[in-house]
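Here is the structure we will look at.
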Protein chains: 2
Amino acid sequence: MDPSRSLPMADEPARERADAARNREILLAAAAELVESDGVDAVTTEALARRAGVGKGTVFRRFESREGLMAALLDRSESEWQAAILSGPPPLGPGASARDRLRAFGRSRIELTLRHAALIRAAGHAGTRAYAPVAFAAMHVRYLLGELGVSGDLGYLATALLAPLEIPILEQQVEVEGRSVEAIAASWDDLVDRVIGSRSLRGSDGGAARR
Amino acid sequence: MDPSRSLPMADEPARERADAARNREILLAAAAELVESDGVDAVTTEALARRAGVGKGTVFRRFESREGLMAALLDRSESEWQAAILSGPPPLGPGASARDRLRAFGRSRIELTLRHAALIRAAGHAGTRAYAPVAFAAMHVRYLLGELGVSGDLGYLATALLAPLEIPILEQQVEVEGRSVEAIAASWDDLVDRVIGSRSLRGSDGGAARR
DNA sequence: CGACTAAACGGACCGCGGTCCGCTTCTATT
DNA sequence: AATAGAAGCGGACCGCGGTCCGTTTAGTCG
């Protein structure tokens with residue numbers, strides 16, 4: 001009896017039929033192509049279904065909604081980012097000090113979020129809260145705060161540090177206020193230092209930009 | 001010559017025709033009634049137009065979009081809150097210390113945001129950034145930070161303090177994590193103290209909740 | 001007061017997200 | 001290999017947000 005593929009394993013909730021799984025992949029690939037070539041707005045459910053050679057209903061059965069599809073696309077493209085944090089080279093990955101890792105995290109998160117801005121917007125509700133990458137980021141920041149010996153409600157502090165890195169805020173800063181990624185990252189670093197409470201021991205970085 | 005009503009005054013951009021202004025009021029009133037009686041989802045543009053006795057096109061000419069309409073509704077209902085901050089009784093209004101005003105601000109902002117959650121969601125993009133109340137809140141927090149003698153990029157710090165008070169985060173905390181308004185407010189107070197840097201002089205409040 | 005123009009109006013129309021249901025295909029079982 | 005039933009499938013259909021354009025009306029000026 002082959003144990004690798006038969007019994008439900010108790011964590012996969014339902015098991016997807018082979019053709020269903022195939023269609024999921026076809027749809028994700030088609031969606032990615034469409035995004036690449038014509039932008040997020042071109043991904044209408046009908047256009048996508050036509051391109052993937054399936055019916056419209058299939059799109060919804062696989063992904064719940066258009067937003068769910070976008071979230072799936074995001075998940076896929078952010079998984080390598082997660083890997084870089086968990087096991088990539090420092091300072092993002094393990095090996096650097098917690099403070100440096102936190103800073104690297106902030107910068108890369110800002111860049112990633114802005115890069116995927118259109119997709120994140122299109123993922124709407126599903127993309128702004130409670131989908132995999134956000135939960136992962138919260139866990140990671142919380143962990144780093146712990147490493148830094150911060151006291152207090154670490155869960156809340158992690159949320160508070162993550163909140164200004166969400167798209168609406170970042171886009172406001174970039175598009176309306178005209179700030180650069182560098183400037184935003186520097187300000188965020190300053191925020192981090194205040195939250196972790198290392199005000200006095202400002203090291204080599206010379207402090208945050210004052211605009 | 002009556003100066004109160006004729007020349008454009010140079011700040012009102014276009015001047016709205018009398019019937020147009022009347023229809024705006026009729027629509028806002030009808031929308032408020034509909035929200036009150038049947039909830040935000042019942043405010044479809046057609047239902048609203050029918051109820052207000054105007055054509056569907058008029059809704060869009062007056063408010064740009066359904067989201068714009070919701071934002072207008074929000075603006076109206078938040079104007080009294082703004083007044084309470086600018087000239088109401090302490091600690092929300094002037095008279096209390098800046099730190100107390102900031103705390104009062106946070107609590108009332110949390111309550112207000114949760115109270116209007118459905119409307120804010122429906123206002124979507126228009127309601128989450130760059131509409132009057134948000135800009136007002138940012139200005140106010142920034143001012144209070146200044147009063148407290150905080151150094152650094154006050155604009156960014158204000159944004160960072162406001163970000164965790166936006167609906168997606170608040171709803172996550174209330175609905176998923178099951179936290180109370182009190183607990184959230186307490187955590188936010190702690191965040192404020194970290195940002196303003198008054199860690200050592202913890203006064204009578206005994207610190208934030210640790211969950 | 002009558003005429004002229006810009007603004008406002010209404011509702012038919014369009015495209016998209018989402019649902020529904022009768023038909024097809026997969027897979028487990030014997 | 002045959003079969004039963006669950007899971008998946010497709011596309012017609014629906015309701016809503018948003019646009020468009022021919023018609024009406026408010027305000028202005030001679």
Side-chain angles (χ1 to χ4, degrees), chain A residues 1-2 5-8 12-28 30-31 34-35 38-73 121-127, chain B residues 1-2 5-8 12-28 30-31 34-35 38-73 121-127:
Chain A
M1 201 194 292
D2 176 7
R5 201 79 309 227
S6 64
L7 51 164
E12 311 179 52
R15 288 283 309 133
E16 201 165 56
R17 233 166 68 174
D19 54 346
R22 205 181 57 239
N23 278 339
R24 150 172 275 116
E25 288 311 311
I26 292 174
L27 280 167
L28 280 175
L34 223 39
V35 168
D38 298 337
V40 171
D41 289 349
V43 186
T44 70
T45 49
E46 277 175 278
L48 174 61
R50 195 158 3 97
R51 174 152 191 155
V54 303
K56 193 175 170 181
T58 302
V59 178
F60 286 91
R61 205 166 317 98
R62 282 293 80 90
F63 299 101
E64 283 280 277
S65 65
R66 191 187 117 105
E67 296 192 352
L69 166 74
M70 298 302 185
L73 235 33
R121 286 224 113 96
H125 187 219
Chain B
M1 202 195 293
D2 177 5
R5 201 77 311 224
S6 65
L7 52 163
E12 310 178 53
R15 288 285 310 132
E16 203 165 55
R17 233 166 67 172
D19 52 345
R22 206 181 56 239
N23 278 338
R24 153 172 273 118
E25 288 311 311
I26 291 173
L27 280 167
L28 280 174
L34 262 175
V35 168
D38 298 336
V40 170
D41 289 348
V43 186
T44 70
T45 50
E46 275 175 282
L48 174 62
R50 195 158 1 96
R51 176 154 190 153
V54 302
K56 194 176 169 179
T58 302
V59 177
F60 287 91
R61 205 164 318 97
R62 282 293 77 89
F63 299 102
E64 282 280 277
S65 65
R66 191 187 117 105
E67 296 192 351
L69 167 74
M70 298 303 187
L73 234 36
R121 286 225 115 96
H125 187 220

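Reminder, nothing fancy here: chain letters follow the sequence lines and each chain counts from 1.
Distance, B:Leu69 CG to D:dC16 P: 15 Å, rounded to whole Å. Separating the NZ atom of A:Lys56 from the P atom of C:dG15 is a distance of 13 Å, rounded to the nearest angstrom. Atom CG of B:Leu48 is separated from atom P of D:dG18 by 13 Å (rounded to the nearest Å). Nucleotide D:dG8 holds its P atom 13 Å from the CD atom of A:Glu64, rounded to whole Å. D:dC20 atom C1' lies 11 Å from atom CZ of B:Arg61, rounded to whole Å. Whole-Å rounding puts the B:Glu16 CD to D:dG27 P distance at 11 Å. If you measure from atom CE of B:Met70 to atom C1' of D:dG18, you get 15 Å, rounded to the nearest angstrom. As rounded to whole Å, 10 Å separates atom P of C:dG10 from atom CD1 of B:Ile26.
Within the 4.0 Å cut-off from OP1 or OP2 of C:dG17, at least one side-chain nitrogen or oxygen of A:Thr45 is found. Between A:Thr58 and D:dG10, a side-chain N or O to OP1/OP2 separation shorter than 4.0 Å is present. Listed pair B:Arg62 / C:dA8 meets the phosphate criterion, a side-chain N or O lying under 4.0 Å from OP1 or OP2.
The nearest pair of heavy atoms linking B:Arg66 to B:Ala122 is NH2-CB, 3.8 Å.
Nucleic acid contact for A:Ala18: sugar-phosphate only, since backbone atoms but no base atoms lie under 4.0 Å from a heavy atom of the residue.
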Query raised in the report: Are A:Val43 and A:Leu69 close enough, and set up right, to give a side-chain contact (heavy atoms from CB on, under 4.5 Å), and what steps lead you there?
Result: CA-CA 10 Å; A:Val43 186; A:Leu69 166 74; 4.0 Å; yes
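A residue-by-residue look at B:Gly57 and A:Gly57 shows that A:Gly57 has its nearest nucleotide of DNA chain D further toward the 5' end. Remark on DNA chain C: of its neighbouring residues B:Ala20 and B:Glu46, the 5'-side contact belongs to B:Ala20, judged by nearest-heavy-atom nucleotide.
Closest to the side chain of B:Asp19, from the set D:dG8, C:dC9, C:dC16, is C:dC9.
Residues A:Arg61 and A:Thr58 have side chains in contact (heavy-atom distance under 4.5 Å, counting atoms from C-beta outward). Side-chain contact between B:Leu27 and B:Arg24 is absent, with no heavy atoms from C-beta onward closer than 4.5 Å. Inter-residue side-chain proximity for B:Met70 and B:Phe63 is flagged as unmet; no heavy-atom pair is nearer than 4.5 Å.
Taking only distance into account, the side chain of B:Arg17 never meets the base of C:dA8 through a donor-acceptor pair shorter than 3.5 Å.
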